[in-house]
Amino acid sequence: MTRLGGHGLDHVFHRARSDFFEVTRTWTDRTSPDDAGAAAVVELVDPTGERPGRWLNAVGRADRLARLMTTVVPDGDVVAATVTRGTGALAGETLAGWGLAPDSTWDRMVTEVAPPVRDGSPAVEVLDLDRHTDEIVGLLARANPRTRSGASGPRARLTRWYGVRAPSASPGERAGALVAVGSATPTPTGSVHLGSIGTDPTRRGRGLGSALTARMTADGVAEHGLVTLGLYDDNAPARRVYERLGFVLAHQVETWRRE
């Protein structure tokens, strides 16, 4: 892969996250340009004002990153820090000093390869946010209530939404109901981030999420070359789908948030 080999500030995780935020400060521990263990912390703010406060994003080997974090002095209140998994066990005092507590563990996955289109896959459509917002919000509440992105707010308007509809009615469900949904957000540096992916619990195991993600990934690779997504580390079914579609692990992380 041509765009995934950087370390430190050049790490794909930093590049992808920085596309959604404004970088205000950086701290690094790097011995050479190709230092695979290079530690780097970036302070970010949301330029839309949708998510106020300072956000810290960190990569690098956990022991080096924990040492580097003792030198970090944020410019304001930190609302969240996403760090290499294992860092919290070594730098918990530093994170707690910023008023943060453990929140979640998740993985960033990436691909530059479009998955093949499978014959007989469910039809995937591009949704119209003006007409389908209520459907999207309702489905996500059932299918992916842990998602931190959604179909409202300034960022949603930058996003292309995709969906799969039920071919026929099941008990309690109308024909044509939205049963799988996902979003694809282009970034200024030329990638696409997938999010808000969910399948109605009554429809899981039928390949709907796979078909949806394959279409979003294929469009993203064709238009921008690089596609990223995140998933909670305990979501084994989704991981299997993403790996089949060509995604590889870029960074294992833990997020700490203000209590």
Side-chain angles (χ1 to χ4, degrees), residues 7-30 37-109 140-141 144-156 158-159 183 185 187-188 193 195-196 228-235 249-259:
H7 305 291
L9 292 174
D10 297 324
H11 195 287
V12 65
F13 186 66
H14 271 325
R15 299 201 309 269
R17 294 279 281 184
S18 297
D19 279 329
F20 295 97
F21 294 86
E22 177 185 336
V23 177
T24 55
R25 296 188 67 187
T26 63
W27 297 263
T28 61
D29 170 18
R30 189 172 191 166
V41 180
V42 175
E43 182 185 83
L44 307 162
V45 296
D46 185 350
T48 69
E50 187 177 354
R51 294 178 283 191
R54 305 285 169 173
W55 300 66
L56 298 181
N57 203 59
V59 302
R61 211 172 62 200
D63 57 340
R64 290 176 63 179
L65 184 54
R67 289 195 299 270
L68 177 62
M69 289 177 65
T70 64
T71 71
V72 172
V73 181
D75 280 340
D77 289 340
V78 177
V79 296
T82 296
V83 302
T84 300
R85 197 171 306 160
T87 303
L90 303 173
E93 185 175 340
T94 298
L95 291 160
W98 295 327
L100 306 180
D103 178 75
S104 60
T105 54
W106 55 284
D107 296 337
R108 173 73 77 195
M109 302 187 77
L140 285 175
N144 189 358
R146 296 170 72 186
T147 185
R148 291 187 178 274
S149 55
S152 60
R155 206 175 300 277
L158 306 176
T159 294
S183 66
T185 305
T187 69
H193 182 69
S196 301
T228 69
L229 58 81
L231 79 158
Y232 292 109
D233 70 323
D234 60 355
N235 193 345
L249 179 66
H251 195 30
Q252 294 178 305
V253 301
E254 57 189 74
T255 294
W256 291 56
R257 293 185 185 276
R258 184 166 290 277
E259 297 182 278

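Numbering of residues begins at 1 and proceeds along the displayed sequence. In this text, all values refer to a predicted model and were calculated from it rather than measured experimentally.
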From CG (D234) to OG (S104), nearest 0.5 Å: 10.0 Å
Closest contact, heavy atoms only, R258 versus D77: NH2-CB, 4.0 Å
Rounded distance [0.5 Å steps], OG1 in T105 versus OH in Y232: 9.5 Å
Non-neighbouring partners of T87 that pass side-chain hydrogen bond (donor to acceptor under 3.5 Å, both in side chains), sequence neighbours left out: none
Any donor-acceptor pair under 3.5 Å from T84 side chain to G60 backbone: yes
Side chain R257, main chain V79, donor-acceptor under 3.5 Å: no
Exercise: do T255 and T82 side chains pair donor with acceptor under 3.5 Å: yes
Pairs under 3.5 angstrom only: tabulate donor-acceptor contacts from the side chains of residues 69-76 to other protein residues two or more places apart or in another chain.
from: T70; atom 1: OG1; to: R67; atom 2: O; distance (Å): 2.6
from: T71; atom 1: OG1; to: L68; atom 2: O; distance (Å): 2.6
from: D75; atom 1: OD1; to: R25; atom 2: NH1; distance (Å): 3.4

Flag side-chain contact, heavy atom, 4.5 Å: V253 against W106: yes
Taking every non-hydrogen atom, the tightest pair across G86 and A62: C-CB, 4.0 Å
pair E43-W27: side-chain heavy atoms closer than 4.5 Å: yes
Polar side chain donor-acceptor pair, H193 to R108, under 3.5 angstrom: yes
Donor-acceptor under 3.5 Å (H11 side chain, H251 main chain): no
Residues in side chain to side chain contact (heavy atoms under 4.5 Å, CB included) contact with A40, at least two apart in sequence or another chain: L9, H14, T28, V59
Non-neighbouring partners of D63 that pass side-chain hydrogen bond (donor to acceptor under 3.5 Å, both in side chains), sequence neighbours left out: R61
Residue pairs involving residues 78-95 (criterion salt bridge (charged side-chain N to carboxylate O under 4.0 Å, His left out); sequence neighbours excluded): R85-D107, R85-D233
side-chain hydrogen bond (donor to acceptor under 3.5 Å, both in side chains) involving W256 - partner list, sequence neighbours excluded: E254
Considering all heavy atoms, the nearest G88-L95 contact: CA-CD1, 4.0 Å
Derivation of the side chain to side chain contact (heavy atoms under 4.5 Å, CB included) call for R54 and W98: CA-CA 11 Å; R54 305 285 169 173; W98 295 327; over 6 Å; no
Spatial distance of atom CG (L249) from atom CG (L231) [nearest 0.5 Å]: 9.0 Å
side-chain contact (heavy atoms from CB on, under 4.5 Å), paired with N57, selected from V23, L44, V41: L44
Exercise: identify the closest heavy-atom pair between V45 and G53: CG1-O, 3.9 Å
